[in-house]
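Here the structure comes first, spelled out in structure tokens, and everything after it is commentary.
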Amino acid sequence: MEIVETINEVRERLARARVQGRVGLVPTMGALHAGHASLIEAARRACDTVVVSIFVNPTQFGPNEDFDRYPRDLRADADICERLGVDLVFAPSTREMYPRVNRTWVEVEKLSEPLCGARRPGHFRGVATVCTKLFNIVQPDVAYFGQKDAQQAIIIRRIVADLNLPLEIIVCPIVREPDGLAISSRNQYLDAAQRREATRLYQALSAARRRFADGVRQTEALIATMREVLSQSPALRVEYVEIVDAETLEPVASIERPALVALAVHAGSTRLIDNTILDLNDPTASV
Ligand code: PAF
């Protein structure tokens, strides 16, 4: 496995690989965990060359967000990549990715506006721009994202479709701890008490899912059920609990088509998100 820091090196290393077979990209911000491992494993199974990018992208963090304290440990991440059979790690500096004031942005209208977009202005513009840059740098045949960041995955798919980018996007299922908490790099900010309470996000989604399986279709009722579960923990502050169309991200009153149930909750200064899809074709599926 090689670790490179410059765009030129990535292009050099991949020139031959691209001709010889499929190149898979797993874009990450490092702090790799089992969720990332599942993306890398999926890439390893399907691609001849697997590239992992590790870049804590400043343009997707708001001024009061956790950019400075975001966990960074390239050595630990490289060990994980090595163990999972990654071929190339691209770990650029901010200067390499943004050598001058950035004047060109990728903005995805509508899809970037609700849910996390409404609370994190500019976040999806930063994500969309850096992912488009990574797609141009690595030129993968396929890129892997996690369902945990459901809105991000929908936005990335839309960029690829709208801009005719020549790659496939694969979205892999959420990986959970045994008690249901969705695995995230930010879980390490939680203290023991917050960690115990954080499982309520999963419990809330599971409760909504059970009511859906029982035939409840009105989103107001499902949202009330989730809020009730979350309200049992004084340690959690709900940012939003919403149910939207899984494709357009527009709010729905009654579930007739696949719907995205999405939560954002604060435990102390840590923001946690989670989601599930409710689908009439599969009403009893688990979270
Ligand atoms: O999901 C993430 O880790 C980031 O948003 C991504 C896709 C690597 C872009 O910085």
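Start at 1 and go down the list; that is how both ligands and their atoms are numbered. Both backbone and side-chain heavy atoms feed into the values below; hydrogens, waters and symmetry mates do not.
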Sequence-distant partners of Phe61, ring pair (Phe, Tyr, Trp, His ring centres under 6.0 Å), two or more places apart: Phe67, Tyr70
Atoms in ligand 1 flagged as close to Gln152, the criterion being non-hydrogen separation under 4.0 Å: 1 (O), 2 (C), 4 (C), 5 (O), 7 (C)
Side-chain heavy atoms of Leu272 within contact of His266, under 4.5 Å: no
Residue Val130 vicinity, atoms of ligand 1 by number, heavy atom under 4.0 Å: 9 (C), 10 (O)
Can you list the other members of the hydrophobic cluster that holds Ile183, where links are side-chain heavy atoms under 4.5 angstrom apart? Val175
Proximal atoms of ligand 1 relative to Gln60 (non-hydrogen, under 4.0 Å): 4 (C), 5 (O), 9 (C), 10 (O)
Would you mind listing which atoms of ligand 1 come within a distance below 4.0 Å of any non-hydrogen atom of Met29? 3 (O), 4 (C), 8 (C), 10 (O)
So Glu247 and Arg257, do their side chains get closer than 4.5 Å, heavy atoms only? yes
Side chain, backbone, both or neither: which part of Ser53 has a heavy atom under 4.0 Å from ligand 1? neither
Can you list the atoms of ligand 1 that are under 4.0 Å from a heavy atom of Thr28? 8 (C)
Does Arg120 reach the side chain of Arg271, with side-chain heavy atoms less than 4.5 Å apart? yes
